[in-house]
Amino acid sequence: MRNISIPKIFFCLFLLFYPQTDSLALEPPVIRQNARASENAIRRRAFNVPEKASLNARRLTAYLVEPFETDIDKMRVIAYWIASHIAYDGYKYNAGQVNKRNWSYHYDIFRSKTGICTDFALLFQEMSGYAGIRGVKIVTGYVGKPTFIKRKRPPANAAGHAWNSVKIKGKNYYIDTTWMAPQKIIPKRKGNFNSWSHKMEVKRRSRMDTQVSADIRTFFFLFTPEDEAKNFGEVHYETAEY
């Protein structure tokens, strides 16, 4: 066997390890190493936002999406934040149903951390826009049994609703942050439009630094009516989008 000198050995080792050492210094964050971020990475980012990053929706969006590359991951972390921090407001829903004054009863969903389905859909569309994602639409329609899809209009017992849609590789998918969200403010009775308890609840939530629920329904991120009917026996029926 031919002898190899010690200097040559060191030179070979230098060529072997030096490029790797240099490339490691330039390697992107761990989250970027995969084409799709893990569920845990998304949840950690959505559930642990520093207070200074939560001053407004634009700043929050920049913080949430910063480690992620794909539009799907960006939309997912936005949807997870909304679903885990915003509570569905039964008081506001009742106000709209009982006296039709819902349009005059506005407050900032981002600050109050409460809202109805239209508020959830508007916030998701707005934050997606801040993330540079185009094509996220607001959908209005109904939710009910799949049998009414074949009819010209839904039956009277179908619930009016609003959510989001986005087209991926030519296929339309829905994102319903309202149905993803487990937190709810339940009114004691219908028609309490100016309820003191409601005002106090909104005020209390707006003052909280964090109000996070990890028990979100992940199915309602990027789903189709067909999958929904198969899994739950119900379906989102779209009547309009904008």
Side-chain angles (χ1 to χ4, degrees), residues 35-40 42-43 46 70-90 92-94 96-97 102 109 114-129 131 133-187 190 213-242:
R36 291 286 299 277
S38 70
E39 176 76 6
N40 287 337
I42 295 287
R43 286 176 174 267
T70 69
D71 283 353
I72 291 179
D73 284 338
K74 291 176 182 179
M75 288 189 295
R76 186 155 55 125
V77 73
I78 291 170
Y80 278 28
W81 185 92
I82 293 174
S84 63
H85 288 75
I86 309 296
Y88 186 83
D89 193 338
K92 188 175 181 182
Y93 174 79
N94 284 349
Q97 292 293 101
N102 196 49
I109 180 178
T114 68
I116 58 174
C117 57
T118 306
D119 300 317
F120 279 79
L122 284 167
L123 183 60
F124 182 79
Q125 185 187 54
E126 177 186 358
M127 293 179 68
S128 296
I133 301 169
R134 303 291 177 249
V136 174
K137 298 181 178 180
I138 295 176
V139 181
T140 56
Y142 300 86
V143 178
K145 297 297 181 181
T147 52
F148 71 68
I149 286 184
K150 297 180 181 180
R151 304 178 184 179
K152 291 184 178 180
R153 61 180 182 178
N157 62 352
H161 192 42
W163 61 97
N164 298 98
S165 70
V166 64
K167 188 166 289 187
I168 300 174
K169 294 183 178 180
K171 186 175 179 60
N172 205 41
Y173 292 90
Y174 290 153
I175 301 167
D176 192 336
T177 51
T178 305
W179 282 37
M180 290 174 69
Q183 301 181 73
K184 293 178 174 60
I185 299 177
I186 307 298
K190 289 187 177 181
S213 176
D215 191 26
I216 59 177
R217 302 176 71 188
T218 57
F219 173 85
F220 292 101
F221 176 78
L222 294 185
F223 68 100
T224 65
E226 294 78 15
D227 290 338
E228 181 184 22
K230 181 179 179 181
N231 285 278
F232 301 105
E234 60 192 7
V235 66
H236 285 58
Y237 177 71
E238 177 179 338
T239 57
E241 65 177 14
Y242 55 95

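Atom set for the values below is all heavy atoms of this structure, side chains included, hydrogens, waters and symmetry mates excluded.
- With rounding to the nearest 0.5 angstrom, the OG1 atom of Thr218 is 12.0 Å from the CD1 atom of Ile42.
- Side-chain contact check for Glu234 versus Phe232: some heavy-atom pair is nearer than 4.5 Å.
- Taking Ala214 as the reference, Arg43, Phe47 meet the side chain to side chain contact (heavy atoms under 4.5 Å, CB included) condition, with sequence neighbours excluded.
- Closest approach of Gly141 and Thr239 over heavy atoms only: CA-OG1, 3.4 Å.
- With a 4.5 Å cut-off on side-chain heavy atoms, Gln125 and Asn164 count as touching.
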For Phe219 and Glu228, run side-chain contact (heavy atoms from CB on, under 4.5 Å): C-alpha distance rounded to whole Å, both residues' side-chain angles, the deciding distance at 0.1 Å, then the answer.
CA-CA 9 Å; Phe219 173 85; Glu228 181 184 22; 4.2 Å; yes
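- Scanning both residues, Ile78 and Ala131, for their nearest heavy atoms gives CD1-CB, 4.1 Å.
- Summarising the geometry, atom OG1 belonging to Thr140 is positioned 12.0 Å from atom NE2 belonging to His236; distances are rounded to the nearest 0.5 Å.
- When side chains are defined from C-beta on, His161 does not count as touching Tyr237, because their heavy atoms never get closer than 4.5 Å.
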Tyr173 vs Lys167, side-chain contact (heavy atoms from CB on, under 4.5 Å): CA-CA, chis, key distance, verdict:
CA-CA 6 Å; Tyr173 292 90; Lys167 188 166 289 187; over 6 Å; no
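- Between atom CD1 of residue Ile109 and atom NE2 of residue His85 there is a gap of 13.0 Å, rounded to the nearest 0.5 Å.
- Every ring-ring contact (aromatic ring centres under 6.0 Å, His included) that Tyr174 has, sequence neighbours left out, goes to Trp163, Phe223.
- Contact of the Met75 side chain with the Ile133 side chain is registered, since non-hydrogen atoms from C-beta on lie closer than 4.5 Å.
- Proximity of the aromatic rings of Phe124 and Phe221 is defined here by a centroid distance below 6.0 angstrom, and this criterion is not met.
- The side chain to side chain contact (heavy atoms under 4.5 Å, CB included) search around Lys184 returns Tyr88, Ile186, not counting sequence neighbours.
- By the 4.5 Å heavy-atom criterion applied to side chains, Asn172 and Thr224 are not counted as neighbours.
- What you find for Cys117 and Thr178 is that their closest heavy atoms are CA-OG1, 3.3 Å.
- Side-chain atoms of Ile175 and Ser165, non-hydrogen and from C-beta on, never get closer than 4.5 Å to each other.
- Distance CD1/Ile72 to CD1/Ile168: 4.0 Å, rounded to 0.5 Å.
- Heavy atoms only, all atoms of each residue included: Phe120 and Ala181 are closest at CE2-CB, 3.9 Å.
- You'll find the side chain of Trp179 reaches within 4.5 Å of the side chain of Val143, heavy atoms only.
- Between atom OG of residue Ser84 and atom CE of residue Met180 there is a gap of 8.5 Å, rounded to the nearest 0.5 Å.
- The two residues Pro182 and Ser213 have their closest heavy-atom pair at CG-OG, 3.1 Å.
- Tyr80 and Glu39 form a side-chain donor-acceptor contact under 3.5 Å, judged by distance and modelled atom types alone.
- Closest approach of Gly115 to Ile86, counting heavy atoms only: N-CG2, 4.2 Å.
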Apply salt bridge (Lys or Arg N to Asp or Glu O under 4.0 Å) to the pair Asp73 and Arg76, showing each step before the final yes or no.
CA-CA 5 Å; Asp73 284 338; Arg76 186 155 55 125; 3.1 Å; yes
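- Note that CG of Asp176 is 12.0 Å distant from CG of Leu222, once rounded to the nearest 0.5 Å.
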